[in-house]
Amino acid sequence: KNEVEQSPQNLTAQEGEFITINCSYSVGISALHWLQQHPGGGIVSLFMLSSGKKKHGRLIATINIQEKHSSLHITASHPRDSAVYICAVRSETSGSRLTFGEGTQLTVNP
Amino acid sequence: DTEVTQTPKHLVMGMTNKKSLKCEQHMGHRAMYWYKQKAKKPPELMFVYSYEKLSINESVPSRFSPECPNSSLLNLHLHALQPEDSALYLCASSQNALVGGGIGTGELFFGEGSRLTVL
(Lines give C-alpha, C1' and ligand atoms only; values in the text may rest on other atoms or scores of the structure.)
Protein backbone atom coordinates (compact mmCIF):
# COMPACT_ATOMS: atom_id res chain seq x y z
CA LYS A 1 0.00 0.00 0.00
CA ASN A 2 1.37 3.41 -0.98
CA GLU A 3 1.89 5.93 1.78
CA VAL A 4 -0.18 8.42 -0.24
CA GLU A 5 -3.32 7.30 -2.05
CA GLN A 6 -5.33 9.54 -4.33
CA SER A 7 -8.81 9.02 -5.69
CA PRO A 8 -10.10 8.99 -8.25
CA GLN A 9 -7.26 8.22 -10.67
CA ASN A 10 -9.21 9.74 -13.54
CA LEU A 11 -12.08 12.19 -13.44
CA THR A 12 -14.13 13.64 -16.28
CA ALA A 13 -16.52 16.48 -15.60
CA GLN A 14 -18.69 18.94 -17.46
CA GLU A 15 -17.87 22.61 -17.31
CA GLY A 16 -19.41 24.20 -14.25
CA GLU A 17 -19.45 21.06 -12.12
CA PHE A 18 -18.10 20.93 -8.55
CA ILE A 19 -15.09 18.63 -8.35
CA THR A 20 -13.53 16.81 -5.42
CA ILE A 21 -10.21 14.97 -5.41
CA ASN A 22 -9.25 13.00 -2.34
CA CYS A 23 -5.92 12.16 -0.75
CA SER A 24 -5.31 9.73 2.10
CA TYR A 25 -1.97 9.14 3.75
CA SER A 26 -0.66 6.74 6.33
CA VAL A 27 2.15 8.60 8.10
CA GLY A 28 2.33 11.53 10.47
CA ILE A 29 2.98 14.61 8.42
CA SER A 30 4.37 18.09 8.85
CA ALA A 31 2.77 19.41 5.64
CA LEU A 32 0.65 18.34 2.69
CA HIS A 33 0.98 19.87 -0.76
CA TRP A 34 -1.50 20.00 -3.61
CA LEU A 35 0.20 20.44 -6.97
CA GLN A 36 -1.10 20.95 -10.51
CA GLN A 37 0.61 19.79 -13.69
CA HIS A 38 -0.60 20.54 -17.20
CA PRO A 39 0.37 18.14 -20.01
CA GLY A 40 4.06 18.29 -20.79
CA GLY A 41 4.50 21.13 -18.37
CA GLY A 42 5.98 22.13 -15.09
CA ILE A 43 4.34 21.83 -11.72
CA VAL A 44 2.46 24.60 -9.96
CA SER A 45 2.09 24.53 -6.21
CA LEU A 46 -1.57 25.18 -5.36
CA PHE A 47 -1.61 24.79 -1.59
CA MET A 48 0.55 23.79 1.33
CA LEU A 49 -1.48 22.72 4.36
CA SER A 50 -0.75 21.56 7.86
CA SER A 51 -4.24 22.04 9.28
CA GLY A 52 -7.70 23.35 8.49
CA LYS A 53 -8.71 24.82 5.18
CA LYS A 54 -7.31 27.15 2.53
CA LYS A 55 -9.05 28.89 -0.37
CA HIS A 56 -7.65 30.50 -3.47
CA GLY A 57 -10.08 31.64 -6.11
CA ARG A 58 -12.19 28.63 -7.15
CA LEU A 59 -9.92 26.17 -5.36
CA ILE A 60 -10.40 24.98 -1.80
CA ALA A 61 -8.18 22.55 0.08
CA THR A 62 -9.03 20.93 3.38
CA ILE A 63 -7.13 18.61 5.66
CA ASN A 64 -8.19 16.43 8.59
CA ILE A 65 -5.05 15.50 10.49
CA GLN A 66 -6.81 12.98 12.76
CA GLU A 67 -8.28 11.10 9.79
CA LYS A 68 -5.13 11.54 7.68
CA HIS A 69 -7.18 12.83 4.77
CA SER A 70 -7.19 15.87 2.52
CA SER A 71 -9.51 17.01 -0.24
CA LEU A 72 -9.07 19.44 -3.11
CA HIS A 73 -12.28 21.03 -4.36
CA ILE A 74 -12.76 22.99 -7.57
CA THR A 75 -15.91 25.06 -7.84
CA ALA A 76 -17.42 26.09 -11.21
CA SER A 77 -14.93 23.93 -13.10
CA HIS A 78 -13.59 25.12 -16.43
CA PRO A 79 -11.80 23.33 -19.29
CA ARG A 80 -8.60 25.15 -18.34
CA ASP A 81 -8.68 23.25 -15.03
CA SER A 82 -7.90 20.08 -17.01
CA ALA A 83 -4.60 18.85 -15.60
CA VAL A 84 -3.06 16.26 -13.31
CA TYR A 85 -3.53 17.08 -9.63
CA ILE A 86 -0.93 15.61 -7.30
CA CYS A 87 -1.04 15.25 -3.54
CA ALA A 88 2.33 15.12 -1.80
CA VAL A 89 3.17 14.84 1.88
CA ARG A 90 6.17 15.73 3.94
CA SER A 91 6.36 13.29 6.82
CA GLU A 92 7.40 14.31 10.31
CA THR A 93 10.75 12.60 9.83
CA SER A 94 11.49 12.97 6.12
CA GLY A 95 12.69 16.55 6.16
CA SER A 96 13.01 17.69 2.57
CA ARG A 97 11.62 14.53 1.01
CA LEU A 98 8.09 14.56 -0.37
CA THR A 99 6.07 11.40 -0.88
CA PHE A 100 3.85 11.83 -3.91
CA GLY A 101 0.53 10.31 -4.79
CA GLU A 102 0.07 8.90 -8.28
CA GLY A 103 -1.98 11.90 -9.35
CA THR A 104 -5.53 12.45 -10.54
CA GLN A 105 -6.07 13.20 -14.22
CA LEU A 106 -8.92 15.72 -14.47
CA THR A 107 -10.61 16.46 -17.77
CA VAL A 108 -13.26 19.18 -17.87
CA ASN A 109 -15.34 19.18 -21.04
CA PRO A 110 -17.01 22.34 -22.37
CA ASP B 1 9.62 37.47 -8.81
CA THR B 2 8.22 34.05 -7.92
CA GLU B 3 9.67 32.16 -10.84
CA VAL B 4 12.02 29.27 -11.16
CA THR B 5 13.56 29.39 -14.62
CA GLN B 6 14.94 26.29 -16.29
CA THR B 7 16.98 26.09 -19.47
CA PRO B 8 16.92 24.57 -21.96
CA LYS B 9 13.26 23.58 -22.26
CA HIS B 10 14.16 20.71 -24.58
CA LEU B 11 17.45 18.86 -24.98
CA VAL B 12 18.36 15.99 -27.27
CA MET B 13 21.72 14.36 -26.70
CA GLY B 14 23.66 11.30 -27.66
CA MET B 15 25.04 8.85 -25.16
CA THR B 16 28.55 10.23 -25.50
CA ASN B 17 27.62 13.90 -25.17
CA LYS B 18 28.21 16.19 -22.21
CA LYS B 19 25.48 18.73 -21.55
CA SER B 20 24.10 20.73 -18.64
CA LEU B 21 20.68 21.72 -17.37
CA LYS B 22 20.37 25.06 -15.61
CA CYS B 23 17.99 26.38 -12.99
CA GLU B 24 17.73 29.88 -11.56
CA GLN B 25 15.60 31.55 -8.88
CA HIS B 26 15.71 35.03 -7.38
CA MET B 27 13.36 34.54 -4.45
CA GLY B 28 16.14 34.28 -1.89
CA HIS B 29 15.38 30.60 -1.39
CA ARG B 30 18.19 28.62 0.23
CA ALA B 31 17.01 25.13 -0.77
CA MET B 32 17.02 23.88 -4.34
CA TYR B 33 16.01 20.51 -5.71
CA TRP B 34 16.34 18.34 -8.80
CA TYR B 35 13.52 15.93 -9.61
CA LYS B 36 13.20 13.43 -12.45
CA GLN B 37 9.76 12.65 -13.85
CA LYS B 38 8.90 9.87 -16.27
CA ALA B 39 5.67 9.98 -18.26
CA LYS B 40 2.50 9.52 -16.20
CA LYS B 41 4.52 9.07 -13.00
CA PRO B 42 5.06 11.37 -10.02
CA PRO B 43 8.38 13.19 -9.68
CA GLU B 44 11.31 11.38 -8.07
CA LEU B 45 13.71 13.34 -5.91
CA MET B 46 17.33 13.27 -7.12
CA PHE B 47 19.25 15.91 -5.19
CA VAL B 48 18.70 18.58 -2.54
CA TYR B 49 20.99 21.54 -1.97
CA SER B 50 20.70 23.47 1.25
CA TYR B 51 22.67 26.68 1.64
CA GLU B 52 24.66 25.71 -1.47
CA LYS B 53 25.74 22.39 0.03
CA LEU B 54 24.57 19.02 -1.23
CA SER B 55 22.40 17.61 1.55
CA ILE B 56 20.58 14.76 -0.18
CA ASN B 57 21.69 12.49 -3.01
CA GLU B 58 19.06 9.83 -3.60
CA SER B 59 21.59 7.27 -4.87
CA VAL B 60 21.65 8.92 -8.27
CA PRO B 61 24.14 7.45 -10.79
CA SER B 62 27.35 9.45 -11.17
CA ARG B 63 26.53 10.25 -14.79
CA PHE B 64 24.36 12.97 -13.19
CA SER B 65 26.47 15.58 -11.44
CA PRO B 66 24.79 18.47 -9.61
CA GLU B 67 26.41 21.80 -8.91
CA CYS B 68 25.26 24.84 -6.95
CA PRO B 69 27.60 27.73 -7.82
CA ASN B 70 25.65 30.23 -5.71
CA SER B 71 22.35 30.56 -3.86
CA SER B 72 20.43 31.45 -7.05
CA LEU B 73 21.77 28.87 -9.46
CA LEU B 74 21.58 25.11 -9.71
CA ASN B 75 23.09 23.05 -12.51
CA LEU B 76 22.80 19.41 -13.46
CA HIS B 77 25.72 18.16 -15.54
CA LEU B 78 24.99 15.20 -17.78
CA HIS B 79 27.56 12.80 -19.20
CA ALA B 80 27.34 9.35 -20.76
CA LEU B 81 23.60 9.12 -20.25
CA GLN B 82 21.48 6.15 -21.25
CA PRO B 83 18.22 6.21 -23.25
CA GLU B 84 16.32 5.29 -20.06
CA ASP B 85 17.44 8.62 -18.60
CA SER B 86 15.07 10.36 -21.02
CA ALA B 87 12.58 12.22 -18.83
CA LEU B 88 11.36 15.61 -17.67
CA TYR B 89 13.85 17.11 -15.23
CA LEU B 90 12.27 19.51 -12.79
CA CYS B 91 14.01 22.05 -10.62
CA ALA B 92 12.33 23.40 -7.50
CA SER B 93 13.18 25.75 -4.67
CA SER B 94 11.89 26.51 -1.21
CA GLN B 95 12.72 29.00 1.48
CA ASN B 96 14.81 26.50 3.37
CA ALA B 97 15.32 22.78 3.73
CA LEU B 98 15.31 20.75 6.91
CA VAL B 99 17.06 17.45 6.45
CA GLY B 100 16.15 14.61 8.75
CA GLY B 101 13.05 16.10 10.25
CA GLY B 102 11.53 19.32 11.41
CA ILE B 103 8.37 21.31 11.20
CA GLY B 104 8.36 21.71 7.44
CA THR B 105 10.25 23.56 4.80
CA GLY B 106 7.76 25.82 3.16
CA GLU B 107 6.07 26.00 -0.17
CA LEU B 108 7.82 24.51 -3.17
CA PHE B 109 8.19 26.50 -6.38
CA PHE B 110 8.80 24.42 -9.49
CA GLY B 111 10.22 25.34 -12.85
CA GLU B 112 8.65 24.35 -16.17
CA GLY B 113 11.13 21.54 -16.56
CA SER B 114 13.72 20.48 -19.12
CA ARG B 115 12.59 17.63 -21.34
CA LEU B 116 15.59 15.45 -22.04
CA THR B 117 15.81 12.87 -24.81
CA VAL B 118 18.83 10.58 -24.92
CA LEU B 119 19.39 8.86 -28.25
Side-chain angles (χ1 to χ4, degrees), chain A residues 2-10 21 23 25 27-52 54 56 59 61 63 65 70 83-107, chain B residues 2-7 9-10 23 25 27 29-51 53-59 87-115:
Chain A
N2 291 337
E3 287 185 350
V4 180
E5 297 272 354
Q6 282 185 240
S7 63
Q9 282 187 304
N10 294 282
I21 299 169
C23 176
Y25 53 91
V27 296
I29 66 167
S30 58
L32 181 143
H33 298 252
W34 280 105
L35 309 168
Q36 179 195 57
Q37 187 171 32
H38 283 97
I43 291 175
V44 174
S45 177
L46 299 175
F47 295 104
M48 187 182 74
L49 294 163
S50 55
S51 64
K54 286 190 177 180
H56 182 68
L59 301 177
I63 188 167
I65 296 294
S70 176
V84 176
Y85 292 83
I86 304 169
C87 172
V89 303
R90 193 183 308 280
S91 77
E92 290 167 335
T93 55
S94 68
S96 297
R97 292 178 178 85
L98 289 178
T99 302
F100 293 86
E102 290 292 314
T104 295
Q105 173 69 62
L106 171 65
T107 303
Chain B
T2 57
E3 280 193 352
V4 176
T5 304
Q6 288 189 244
T7 55
K9 289 192 172 12
H10 299 274
C23 175
Q25 57 86 15
M27 294 177 277
H29 289 174
R30 303 313 299 268
M32 296 185 77
Y33 310 75
W34 280 115
Y35 287 88
K36 173 183 175 180
Q37 187 180 29
K38 301 285 268 185
K40 298 191 187 300
K41 291 292 184 184
E44 301 169 27
L45 183 64
M46 299 175 72
F47 302 105
V48 180
Y49 271 84
S50 178
Y51 289 86
K53 289 187 175 10
L54 182 65
S55 59
I56 294 177
N57 176 343
E58 294 285 57
S59 302
L88 182 68
Y89 288 84
L90 292 158
C91 174
S93 70
S94 63
Q95 190 169 4
N96 54 55
L98 293 172
V99 178
I103 59 172
T105 66
E107 187 175 1
L108 274 174
F109 292 79
F110 285 86
E112 287 291 312
S114 292
R115 185 161 300 281

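Here the structure is a predicted model, which means the values were calculated and not measured. To find a chain, count down the sequence lines: A is the first, B the second, and so on, and within it residues start at 1.
For the pair B:Glu107 and A:Met48, the tightest heavy-atom approach, listed with the atom from each and the gap, is N-SD, 3.5 Å. Annotation for B:Leu108 and A:His33: closest pair N-CE1, 4.2 Å, computed over non-hydrogen atoms.
B:Glu44 does not touch chain A: none of its heavy atoms, backbone or side chain, sits under 4.5 Å away. There is no contact between B:Gln6 and chain A, counting heavy-atom distances below 4.5 Å. With a 4.5 angstrom heavy-atom cutoff, A:Gln37 touches chain B only via side-chain atoms.
Applying the 6.0 Å contact sphere to NZ of B:Lys38 captures more than 12 heavy atoms from other residues, nucleotides or ligands.
The only member of A:Leu98, A:Leu35, A:Ile43 that meets side-chain contact (heavy atoms from CB on, under 4.5 Å) when paired with B:Pro43 is A:Ile43.
In this structure, the side chain to side chain contact (heavy atoms under 4.5 Å, CB included) partners of A:Glu102, at least two apart in sequence or on a different chain, are A:Asn2, B:Lys41, B:Pro42.
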